[in-house]
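Heads up, the thing below is written out as structure tokens.
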Amino acid sequence: MSSTDYSSFYKEIQRKHNDYTAPTLDLIKAFTKDRLDDMQEFCQWPELYKTVEFTTVTNRRNYTLSGYGRQYKTDGIRFFKDSTSNATVKRMGLERYQESVTDYTEFLGDPTHYIPVTDEDYYLYLTPDSARMMSMGIQIKHKFMTADSQYFDFTDERVRVLKYGVLADMYEDKDDNRFQVFMQRYKQGLKTQRGNLKRNLNKEMRYLPGNSVE
């Protein structure tokens, strides 16, 4: 199915309901858009990690992940190391950091912890006293995973999953008990498609053990 032309898909849903009226077509289009967004968002955060590197700045404690040109989240950092010494920089809660450090400018040296502040921002503690190369394995949000992408192309199987979702919406709107059947098929299809994406993403991605910090 083309990522921009869904006319044949709409007609299939119309035939299923034997309803070709304009209001129903508008409803089908709205449900299709909602389910496309739902399918793509569900597949945005698979357990995939990439190693990225950055250089610290002397006397600077706050850093932002968005500068790497993709969307990350600090909760998704799996390991964090000084590239030279290979020492692991571990996670520390912000509350503990605030209790331990009154004036962060007094604490300079080798970073031993990172402190998540927001989804994209984090602090280093101790505050680095020099420029040094750091590396991290971090969960990445695949912004490129869109309907126009090779990672989210609409195979026959994916069209079938989309149809289940739209039909579930249609039957729910009609208070029809078939809603439960199609919703179950849709949810199972989502899980399968997410698994397929994880197996077929580009080679720069790699899996890490679920609880690994190294």
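Residue indices begin at 1 and follow the sequence shown.
- Take Y164 and apply the ring pair (Phe, Tyr, Trp, His ring centres under 6.0 Å) test, not counting sequence neighbours, and it matches no residue.
- Summarising the geometry of E53 relative to S83, their closest heavy-atom pair is OE2-OG, 4.1 Å, with the distance given to 0.1 Å.
- When side chains are defined from C-beta on, K81 does not count as touching M136, because their heavy atoms never get closer than 4.5 Å.
- Of the possible donor and acceptor atoms, one in the side chain of T74 sits under 3.5 Å from a partner among the backbone N and O of T118.
- A salt bridge between R160 and D156 is absent, with no side-chain N of the basic residue lying under 4.0 Å from a carboxylate O of the acidic one.
- Considering only residues two or more places apart in sequence or on other chains, Y186 meets the side-chain hydrogen bond (donor to acceptor under 3.5 Å, both in side chains) condition with D38.
- Sequence neighbours left out, the pairs with a member in residues 16-38 that pass ring pair (Phe, Tyr, Trp, His ring centres under 6.0 Å) are H17-Y171.
- For the pair F9/V166, a side-chain contact is recorded, criterion being any heavy-atom separation below 4.5 Å from C-beta on.
- Two residues are said to be in side-chain contact when any heavy atoms from C-beta on lie closer than 4.5 Å; T24 and M170 meet this criterion.
- T112 places a side-chain N or O within 3.5 Å of a backbone atom of Y125 that can act as its donor or acceptor partner.
- Side-chain atoms of T55 and M134, non-hydrogen and from C-beta on, never get closer than 4.5 Å to each other.
- For the pair D169 and F182, the minimum side-chain heavy-atom distance is 4.5 Å or more.
- Residues Y123 and L94 meet the side-chain proximity criterion, which asks for heavy atoms closer than 4.5 Å.
- Atoms CG and CD1, on D121 and I115 in that order, are 12.5 Å from each other to the nearest 0.5 Å.
- With T127 contributing its side chain and L108 its backbone, the two residues share no donor-acceptor pair below 3.5 Å.
- Between E157 atom CD and T192 atom OG1 the span is 7.0 Å, to the nearest 0.5 Å.
- Considering only heavy atoms from C-beta on, T32 comes within 4.5 Å of L162 through its side chain.
- A donor-acceptor pair under 3.5 Å is absent between the side-chain atoms of Y97 and the main chain of H113, judged by distance alone.
- Atom CD in E172 sits 12.5 Å away from atom CG in N177 (nearest 0.5 Å).
- Residues R132 and P111 come closest through the heavy atom pair NH1-CD, 3.7 Å.
- Contact check for M39 versus R158: side-chain heavy atoms found under the 4.5 Å cut-off.
- The main-chain N or O of M133 is never found under 3.5 Å from a side-chain atom of T56 such that the two would form a donor-acceptor pair.
- Taking the salt bridge (Lys or Arg N to Asp or Glu O under 4.0 Å) definition, one finds that R91 meets it with D75, sequence neighbours left out.
- Rounding to the nearest 0.5 angstrom, the gap separating the OG atom in S135 from the CZ atom in F80 is 8.5 Å.
- Under the side-chain hydrogen bond (donor to acceptor under 3.5 Å, both in side chains) criterion, T84 pairs with no residue, sequence neighbours left out.
- For P128 against Y63, the heavy-atom pair with the smallest separation is CG-OH, 4.0 Å.
- Salt-bridge check for D176 with K174: failed, with every basic side-chain N at 4.0 Å or more from each acidic carboxylate O.
- Cluster annotation: V181 and F179 are assigned to distinct hydrophobic clusters (Ile/Leu/Val/Met/Phe/Trp/Tyr, side-chain heavy-atom contacts under 4.5 Å, transitive).
- The distance from atom NZ of K187 to atom NZ of K191, rounded to the nearest 0.5 Å, is 8.5 Å.
- Between the side chains of Y114 and R61, no donor-acceptor pair of N or O atoms lies under 3.5 Å.
- In this structure, OG on S7 lies 12.0 Å from CD on E12, to the nearest 0.5 angstrom.
- Residues satisfying the side-chain hydrogen bond (donor to acceptor under 3.5 Å, both in side chains) criterion with S85, sequence neighbours excluded, are absent altogether.
- Within 6.0 Å of the CG atom in D175, the count of heavy atoms belonging to other residues, nucleotides or ligands does not exceed 12.
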